[in-house]
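Report on one structure; see the data block that follows.
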Amino acid sequence: MCWRFGLALILAGAPALGDPLTFVRAVPLVSDLPGFGGLSAIEMREPGRAILLSDRGAAFTLTLARAQGQYIVAPSTQPQPHRDSEGLAYSADALFFSYEGPAQIVAQDGTALPTDPGFATYSSNGSFEALAADPDGVLYVLPERSGDITRPFPIHRFRDGVWDIPAHLPRTGPFLTAGADIGPD
């Protein structure tokens, strides 16, 4: 899982949208803070600062000092620290967390979104993994597992207080979903 964060940090360092990406360097994230490791999500809202989420229920802030080639990891809070936390997404007005076993989305203030009866069909360690928000604050979440190697991943959307499935992501080989973001286009 840590390689995803190296890649995410590289991508976050791209100078501007539309510019080709250039690998600069990889920096392993190391900390002796309790619960650090098994990182499953990263969200950047402002340059040089990110929220990291561990699937062990811990959250951290990451501050990058690019000029010095350093970073600072500090503990942070998340609404359900004893859960298998997997995804993060900033909507227009809140930070949301996705959880496995049972599948659930919770805002940073602890408000749980309503669930859909279909969520109960996901396995305890194969449910909500990838979480994203569009510019209008609509949330999208994908399960880690689709249930069969030939079954596409349903993309669940939470809009206007209602869940639906507007599309499916085709399944390619043994690959499982791990994260999601929505770009400007």
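A distance-only check finds a donor-acceptor pair linking the side chain of Trp163 to the backbone of Pro114 [under 3.5 Å]. Within the 3.5 Å criterion, the main-chain N or O of Glu86 finds a donor-acceptor partner in the side chain of Ser40. Side chain of Arg45 to main chain of Ile51: no donor-acceptor pair is present (N/O by atom type, distance under 3.5 Å, no hydrogens or angles). In this structure, the side chain of Asp134 engages the main chain of Asp136 through a donor-acceptor pair within 3.5 Å. Remark: the backbone N or O of Ile105 is not paired with any side-chain donor or acceptor of Ser98 at under 3.5 angstrom. A donor-acceptor pair under 3.5 Å is formed between the side chain of Thr177 and the backbone N or O of Pro143. Although no hydrogens or angles enter the test, the distance criterion places no donor-acceptor pair under 3.5 Å between the side chain of Ser54 and the main chain of Leu39. For the pair Arg171 (side chain) and Arg151 (backbone), a donor-acceptor distance under 3.5 Å is absent.
Contact of the Arg49 side chain with the Leu62 side chain is not registered, since no non-hydrogen atoms from C-beta on lie closer than 4.5 Å. Between Thr61 and Leu52, the closest side-chain pair of non-hydrogen atoms is not below 4.5 Å. Side-chain contact between Leu33 and Phe60 is present, with at least one heavy-atom pair separated by less than 4.5 Å. Counting heavy atoms from C-beta on, the side chains of Glu129 and Leu142 never come closer than 4.5 Å. Residues Leu95 and Phe97 have side chains in contact (heavy-atom distance under 4.5 Å, counting atoms from C-beta outward). Contact of the Arg157 side chain with the Leu139 side chain is not registered, since no non-hydrogen atoms from C-beta on lie closer than 4.5 Å.
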Open item on the list: The test is side chain to side chain contact (heavy atoms under 4.5 Å, CB included); show your working for Gln78 and Ser85 and say whether it passes.
Closed with: CA-CA 9 Å; Gln78 65 114 326; Ser85 45; 3.4 Å; yes
Task: Verdict with reasoning, Val106 to Phe96, per side chain to side chain contact (heavy atoms under 4.5 Å, CB included) - done: CA-CA 6 Å; Val106 179; Phe96 288 91; over 6 Å; no
TODO: Before giving the answer on side-chain hydrogen bond (donor to acceptor under 3.5 Å, both in side chains), spell out for Thr111 and Asp109 the whole-Å C-alpha distance, their side-chain angles and the decisive distance to 0.1 Å.
DONE: CA-CA 6 Å; Thr111 304; Asp109 69 3; 2.8 Å; yes
Open item on the list: Applying side-chain hydrogen bond (donor to acceptor under 3.5 Å, both in side chains) to Arg83 and Gln104, what does each step give before you reach the verdict?
Closed with: CA-CA 10 Å; Arg83 299 274 315 271; Gln104 188 176 36; 2.7 Å; yes
- [ ] Step by step, work out the side-chain hydrogen bond (donor to acceptor under 3.5 Å, both in side chains) result for Ser91 and Asp93.
- [x] CA-CA 5 Å; Ser91 74; Asp93 59 352; 3.1 Å; yes
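In terms of hydrophobic clustering, with Ile, Leu, Val, Met, Phe, Trp and Tyr side chains grouped at heavy-atom distances under 4.5 Å, Tyr122 and Phe158 are assigned to a common cluster. Under a hydrophobic clustering in which Ile, Leu, Val, Met, Phe, Trp and Tyr are joined whenever their side-chain heavy atoms come within less than 4.5 Å, directly or via other members, Tyr71 and Met44 fall into the same cluster.
No close placement of the Tyr99 and His82 rings is indicated, their centers lying 6.0 Å or farther apart. When ring centroids are compared, Phe119 and Phe128 come within the 6.0 Å threshold.
Atom OG1 of Thr172 is separated from atom CZ of Phe153 by 8.5 Å, given to the nearest 0.5 angstrom. Note that the OG atom of Ser127 and the CZ atom of Arg145 stand 11.0 Å from one another [nearest 0.5 Å]. A distance of 7.5 Å separates CG in Leu131 from CG in Leu88, rounded to the nearest 0.5 Å.
Across all non-hydrogen atoms, the minimal contact from Pro174 to Ile149 is CA-CD1, 4.2 Å. Heavy-atom minimum distance, Ala59 versus Leu53: CB-CD1, 4.3 Å. Heavy atoms only, all atoms of each residue included: Phe36 and Leu29 are closest at CE2-O, 3.6 Å. Across Gln108 and Thr77, no two heavy atoms sit closer than the pair NE2-O, 4.1 Å. Here the closest heavy-atom approach between residue Pro170 and residue Pro152 is recorded as CA-CB, 4.0 Å.
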